[in-house]
Amino acid sequence: MPTALTGLSLAEVSTLMETLGQPAFRAGQVLDWVWKKKVGSIEEMSNLPASLRAQLAEKHRLHALDHAQTQGSADTTRKFLFRLHDGRYVESVLIPANPALYGERADRRTLCVSSQVGCAYGCKFCASGLAGFSRQLGPDEIAGQVLAAERLSGERVDNLVFMGMGEPFANYDNLMAAIEILTAEWGLHLGARHLTISTSGLVPRIRDLADHPQQIRLAISLHGATDEVRDQIMPVNRKWKTAELFEALDYWNSRKKQHLTLEYILIQGVNDDLEQAAILARHARRLRAKVNLIPYNKVDGLDWVRPSETRCRAFRDVLKDAGVSATLRLEKGHDIDAACGQLRLKQETSEGIVEAPMK
Ligand code: SAH
Ligand code: SF4
């Protein structure tokens, strides 16, 4: 299946126009219809000759995603379910303003974007990892989620977090191609500083992003401050130990001004003892990272338990007392952590869309 227009860069659209015997300015016109005017079909690109529209429509789809379903409403978190050309599904979550988070302005909207269908990393607490990995998303399917969310909501998305389904760093080339489109002047023109990639810790890619010229933010799903704890819940830690991970984060700091975010899900009896908090505090201080504490959200079929509020607060206080900037949100439902990061594979049956069976 050729890439939809939402996955092509200016250079690629220019080459396409050239092969169709069109003048160079046509590339800009096409991209303007896609990203600025946000049209629903190639037919609507009214300043292109009809013959060109016909040729384009023959070769390329405009959009890579079909909207299947929306959950939620305008003043809450909305979850969009999209059907892909091969019948698989992917989700994005549009989150209303949450000034407590990432220092957004009060009127900002954040979209949580998926990078893969499923995830191969199999973290023991995560819904996205449960059913395993299906396939990579193309640049058209990644960038297309943002365009689709804007078209469906009629609202402008200001912040992106790559915290949906999948491990973005395991789909690095497609991710970066999508980011080029999303940040380009001719594209959605989002500021790189408003993009956050979250990774479970793929060390070589952390170094790659540290060397990348754009000021994209990085969040690390740490969830344990020692190998002992991380090994229990995150298979990725068998490949890259915490020492290597922290070394890569030092490298990040040597290359970047943006502060890192360390994400830490609190799971009772697994990673919530105050000794872990003290070790986490030492690392966070040295790395000048802020810590985002996320009380575990229940996933059907998994037995992990969220610690008590008292324990969550005590854990946060160890960080605060050590001078680390730490956030802990105990309210449920509304915020990013409750909605994002727990997306689960869907599949179609005769009864409609159901959650994929768990292993
Ligand atoms: N694969 C990347 C991007 C997905 S981000 C990563 O792991 O960073 C998804 C975020 O939601 C991660 O921080 C993940 O650890 C977190 N998450 C997964 N399951 C969760 C759960 N049950 N409760 C709270 N957070 C969860
Ligand atoms: Fe994959 Fe991230 Fe879930 Fe781990 S937490 S299984 S890396 S999506």
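Ligands are counted one by one from 1 in listed order, and the atoms in each one are counted from 1 as well. The basis for the numbers below is simple: all heavy atoms, side chains too, and nothing from hydrogens, waters or symmetry mates. For clarity, every value in this text was computed on a predicted model and none was experimentally measured.
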Just which atoms of ligand 1 are under 4.0 Å from any heavy atom in [X]?
X	value
Gly164	4 (C)
Phe125	15 (O), 18 (C), 19 (N), 22 (N)
Ile265	15 (O), 16 (C), 17 (N), 20 (C), 24 (C), 25 (N), 26 (C)
Thr199	6 (C), 8 (O)
Cys126	18 (C), 19 (N)
Met163	4 (C), 5 (S), 9 (C)
Val299	22 (N)

Side chain, backbone, both or neither: the part of Asn297 lying under 4.0 Å from ligand 1 by heavy atom |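 Both backbone and side chain.
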Is His223 touching ligand 1 with its side chain, its backbone, both, or neither, if touching means heavy atoms under 4.0 Å apart?
->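 It is the side chain that touches ligand 1; the backbone stays farther off.
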Please step through side-chain hydrogen bond (donor to acceptor under 3.5 Å, both in side chains) for the pair Gln276 and Thr226, ending with a clear verdict.
-> CA-CA 8 Å; Gln276 277 292 307; Thr226 58; 3.0 Å; yes
Does [X] have a non-hydrogen atom less than 4.0 Å from ligand 1?
X	result
Pro168	yes
Ser115	no
Cys123	no
Met165	no

Should the pair [X]-[Y] be classified as a salt bridge under the 4.0 Å nitrogen-to-oxygen rule?
X	Y	value
Arg88	Glu141	no
Glu155	Arg78	yes
Asp317	Lys320	no

Please identify which atoms of ligand 2 are closer than 4.0 Å to at least one heavy atom of [X].
X	answer
Gly122	6 (S)
Tyr121	7 (S)
Gly166	8 (S)

Is the distance between atom 1 (Fe) of ligand 2 and the nearest N/O/S atom of Cys126 smaller than 2.8 Å?
->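 Looking at Cys126, which is the residue asked about, there is no N, O or S atom under 2.8 Å from atom 1 (Fe) of ligand 2.
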Considering only heavy atoms from C-beta outward, does the side chain of Met45 approach that of Leu5 to under 4.5 Å?
->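 Heavy-atom side-chain distance check passes, below 4.5 Å.
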So between Gly166, Ala127, Ser221, Ser114, whose heavy atom ends up nearest atom 1 (N) of ligand 1?
->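 Selected option, by shortest heavy-atom distance: Gly166.
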Partner of Thr242 under side-chain hydrogen bond (donor to acceptor under 3.5 Å, both in side chains), chosen from Asn237, Asp227, Asp231 |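 So the option named by the test is Asp227.
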Quick one: closest heavy-atom pair of Phe246 and Arg286, and the distance?
->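 Minimum heavy-atom contact is CB-NH2, 3.8 Å.
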Inspect the surroundings of CZ in Arg193 and state if more than 12 heavy atoms from other residues, nucleotides or ligands are less than 6.0 Å away.
->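 Open: at most 12 neighbouring heavy atoms sit under 6.0 Å from CZ of Arg193.
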What about Leu266 and Val318, same hydrophobic cluster or not, with Ile/Leu/Val/Met/Phe/Trp/Tyr joined at side-chain heavy-atom distances under 4.5 Å?
->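 Result: yes, single cluster for both.
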Same hydrophobic cluster for Trp186 and Trp33, using side-chain heavy-atom links shorter than 4.5 Å among ILVMFWY?
->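 Looking at the clustering, Trp33 is in the same group as Trp186.
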Does ligand 2 have an atom that lies less than 4.0 angstrom from a heavy atom of Ser221?
->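 So Ser221 does not count as touching ligand 2.
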Thr327 and Asn292: CA distance, side-chain angles, deciding distance, side-chain hydrogen bond (donor to acceptor under 3.5 Å, both in side chains) verdict = CA-CA 5 Å; Thr327 54; Asn292 192 10; 3.0 Å; yes
Looking only at N/O atoms, are Glu167 and ligand 1 under 3.5 Å apart anywhere?
->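 N/O-N/O distance under 3.5 Å: yes.
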For ligand 2, does Ser200 get within less than 4.0 Å through its side chain, its backbone, both, or neither, judged by non-hydrogen atoms?
->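 Within the 4.0 Å criterion, Ser200 contacts ligand 2 through side-chain atoms alone.
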If you round to the nearest 0.5 Å, how far is OG of Ser115 from CD1 of Ile197?
->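 Interatomic distance, Ile197 CD1 to Ser115 OG, rounded to 0.5 Å: 9.5 Å.
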Output all residues satisfying side-chain contact (heavy atoms from CB on, under 4.5 Å) with His212, sequence neighbours left out; order by chain, then residue number.
->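 side-chain contact (heavy atoms from CB on, under 4.5 Å) list for His212, sorted by chain: Met176, Leu209, Gln214, Ile216.
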